[in-house]
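Note that the structure is predicted; figures quoted are calculated from it, not measured.
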Amino acid sequence: MHQQTDVLVVGGAGVDTVVHVPELPLPYADSYMIRPGIETRAGQSGDFVALGLHALGLRTHHLDMIGDDHEGDLVRALHRDRGIPLTEAHQASGTKRAVNLVAPDGRRLSLYDASRGDDAGRFDETAVRRLAAATRHAHVVITQPCALTLPVLREAGVTISTDLHDWDGVDGYHETFALQADIVFLSTTALTDPERTMRDIAGRGRARIVVATAGADGSYLLHDDELTHTPAATPPAPVVDSNGAGDAFASGFLLGLLSGEHPLRCALHGTVAGAYACTVPSTGTAAIGREELLARVAELEKERAAG
């Protein structure tokens, strides 16, 4: 079948209610006056990856389970307005949702509604095979029931990436994704020894590339048994929210990878995209475009070569 899609994003569609708080952790009080206010908008991990890839010019398709509810309507409208194809399966318990507490320095705490999930939910395997046959690469989010698509995607012969987010290196649910993906992203937030976890993923699983993001400390890349560090890029504007930075990093990295770049240069793509995402208000869903990203990567390479 003709490949009509560069990246199939599986899972991670949902809605966030953004609440600005004066600090994190938030001290107990009977009430707070919140400014600039509280806003609900579509956009969770899979949505942000799809938006980032689309903004970078990659042909993107999103697959997930969505409910017949207001939150589902917001997700559908987001994809429709941005021109990103969305294939949805019915989620009886409702569309995924969360509350994000955002501090003035851009840090955030996410509260996920665990009732919005159905352990018995499944994607139609025929639909997954059809979408996989038309794509170059699949990015699989760790939301339920995406783990069940991994064997189907492997059989279809597409490369697979996943993001373990703040995995502690132990939880078995995340490990399923970690050991079945070709490219694994994760955060160092909950890891006591990031290098050990990265090498364990590569040693026991399929991953040929493992990337651990470390916020302002940059990122670490494990490739060909060599661990390298990429310093963080300076954001082009004040940092207002870190939500979505990891998803933007993954989008930028995948652009480089699908363009034939060496993984070290892909890490620069991800670093620039992630830094840009930190300048986008928590209520927004803007992503860096290809032209700007490539220009900033070129500038960054010159700066670091000079010194």
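Residues W167 and T197 are in side-chain contact: their nearest non-hydrogen atoms beyond the backbone lie under 4.5 Å apart. Using a 4.5 Å cut-off on side-chain heavy atoms (C-beta onward), L8 and H137 make no contact. Annotation: side chain of R265 is in contact with side chain of V297 (closest heavy-atom distance under 4.5 Å). No side-chain heavy atom of H269 sits under 4.5 Å from any side-chain heavy atom of L254. Residues V7 and L258 have side chains in contact (heavy-atom distance under 4.5 Å, counting atoms from C-beta outward). By the 4.5 Å heavy-atom criterion applied to side chains, L53 and V9 are counted as neighbours. In this structure, L255 and E261 have side chains that are not in contact, with every pair of non-hydrogen atoms separated by 4.5 Å or more. Taking the side chain as every heavy atom from C-beta outward, D193 and M198 never approach each other to under 4.5 Å.
Between the CG atom in L78 and the CG atom in L51 there is a gap of 5.0 Å [rounded to 0.5 Å].
In summary, the side chains of H70 and D73 do not present any donor paired with an acceptor at a separation below 3.5 Å, with no hydrogens or angles considered. With hydrogens and angles left out, the side-chain atoms of T135 and H61 include no donor and acceptor closer than 3.5 Å. Checked by atom type, the side-chain pair Q180/R154 shows a donor-acceptor distance below 3.5 Å. Looking at T40 and T17, their side chains do bring a donor and an acceptor atom within 3.5 Å of each other. Between the side chains of R108 and N100, no donor N or O sits under 3.5 Å from an acceptor N or O. Judged by distance alone, the side chains of D247 and S45 do bring a donor and an acceptor atom under 3.5 Å apart.
Each of V21, L24, L26 was compared with L109 under the side-chain contact (heavy atoms from CB on, under 4.5 Å) criterion, and only L24 meets it.
Checked by atom type and distance alone, the side chain of S251 pairs as donor or acceptor with a backbone atom of V49 at under 3.5 Å. Listed for the R76 side chain is a donor-acceptor partner under 3.5 Å among the backbone atoms of G72. Looking only at distances, a side-chain donor or acceptor of D47 sits under 3.5 Å from a matching main-chain atom of Q44. Checked by atom type and distance alone, the side chain of R136 never pairs as donor or acceptor with a backbone atom of D6 at under 3.5 Å.
Look at D16 and R97 and you find no salt bridge, because none of the NZ, NE, NH1 or NH2 atoms lies under 4.0 Å from a carboxylate O. Salt bridge annotation for E71-K96: absent, with no cationic side-chain nitrogen under 4.0 angstrom from a carboxylate oxygen. Contact check on D182 versus R208 returns no salt bridge, with no Lys/Arg side-chain nitrogen under 4.0 Å from an Asp/Glu carboxylate oxygen. A salt bridge does not link R129 with D124: none of the charged nitrogens is closer than 4.0 Å to a carboxylate oxygen. A salt bridge between R204 and D200 is present, with a side-chain N of the basic residue lying under 4.0 Å from a carboxylate O of the acidic one.
When hydrophobic clusters are built by joining Ile, Leu, Val, Met, Phe, Trp and Tyr residues whose side-chain heavy atoms come closer than 4.5 Å, directly or via intermediates, L150 is not grouped with I183. The hydrophobic clustering, which links ILVMFWY residues whose side-chain heavy atoms are closer than 4.5 Å, places Y32 and V18 apart. Linking ILVMFWY side-chain heavy atoms closer than 4.5 Å, directly or via other members, places Y276 and L294 in a single hydrophobic cluster. Cluster annotation: I209 and I201 are assigned to distinct hydrophobic clusters (Ile/Leu/Val/Met/Phe/Trp/Tyr, side-chain heavy-atom contacts under 4.5 Å, transitive). Cluster membership check: I142 does not share its hydrophobic cluster with V75, using side-chain heavy-atom separations under 4.5 Å among Ile, Leu, Val, Met, Phe, Trp and Tyr.
Atom CD of E155 has more than 12 heavy atoms from other residues, nucleotides or ligands within 6.0 Å. Counting non-hydrogen atoms of other residues, nucleotides and ligands closer than 6.0 Å to CZ of R196 gives a total of 12 or fewer.
Taking both residues in full, the closest heavy atoms of P236 and T279 are given as CD-CG2, 3.9 Å, listed atom of the first, atom of the second, then distance. A pairwise comparison of heavy atoms in L164 and A178 identifies CD1-CB, 3.6 Å as the closest pair. Heavy atoms only, all atoms of each residue included: F48 and N243 are closest at CE1-ND2, 3.9 Å. Across every non-hydrogen atom of G169 and L191, the tightest pair is N-CD2, 3.8 Å.
Taking the six-membered ring for Trp and thresholds of 30 and 60 degrees, Y173 and F177 have ring planes inclined between 30 and 60 degrees apart. Ring planes of F185 and H139: tilted class, angle from 30 to 60°.
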| Steps toward side-chain contact (heavy atoms from CB on, under 4.5 Å) verdict (V19, V102) | CA-CA 6 Å; V19 182; V102 182; over 6 Å; no
| said: Please determine whether side-chain contact (heavy atoms from CB on, under 4.5 Å) holds for the pair D64 and E88, giving the CA-CA distance in whole Å, both sets of side-chain angles, and the decisive distance to 0.1 Å. | reply: CA-CA 5 Å; D64 201 8; E88 59 179 277; over 6 Å; no
| request: Start with the C-alpha distance between L56 and I288, add both sets of side-chain angles, then the distance that settles side-chain contact (heavy atoms from CB on, under 4.5 Å), and finish with yes or no. | output: CA-CA 7 Å; L56 292 171; I288 191 170; 4.3 Å; yes
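Counting only residues at least two apart or on different chains, the ring pair (Phe, Tyr, Trp, His ring centres under 6.0 Å) pairs with a member in residues 200-226 are Y220-H229, H223-H262.
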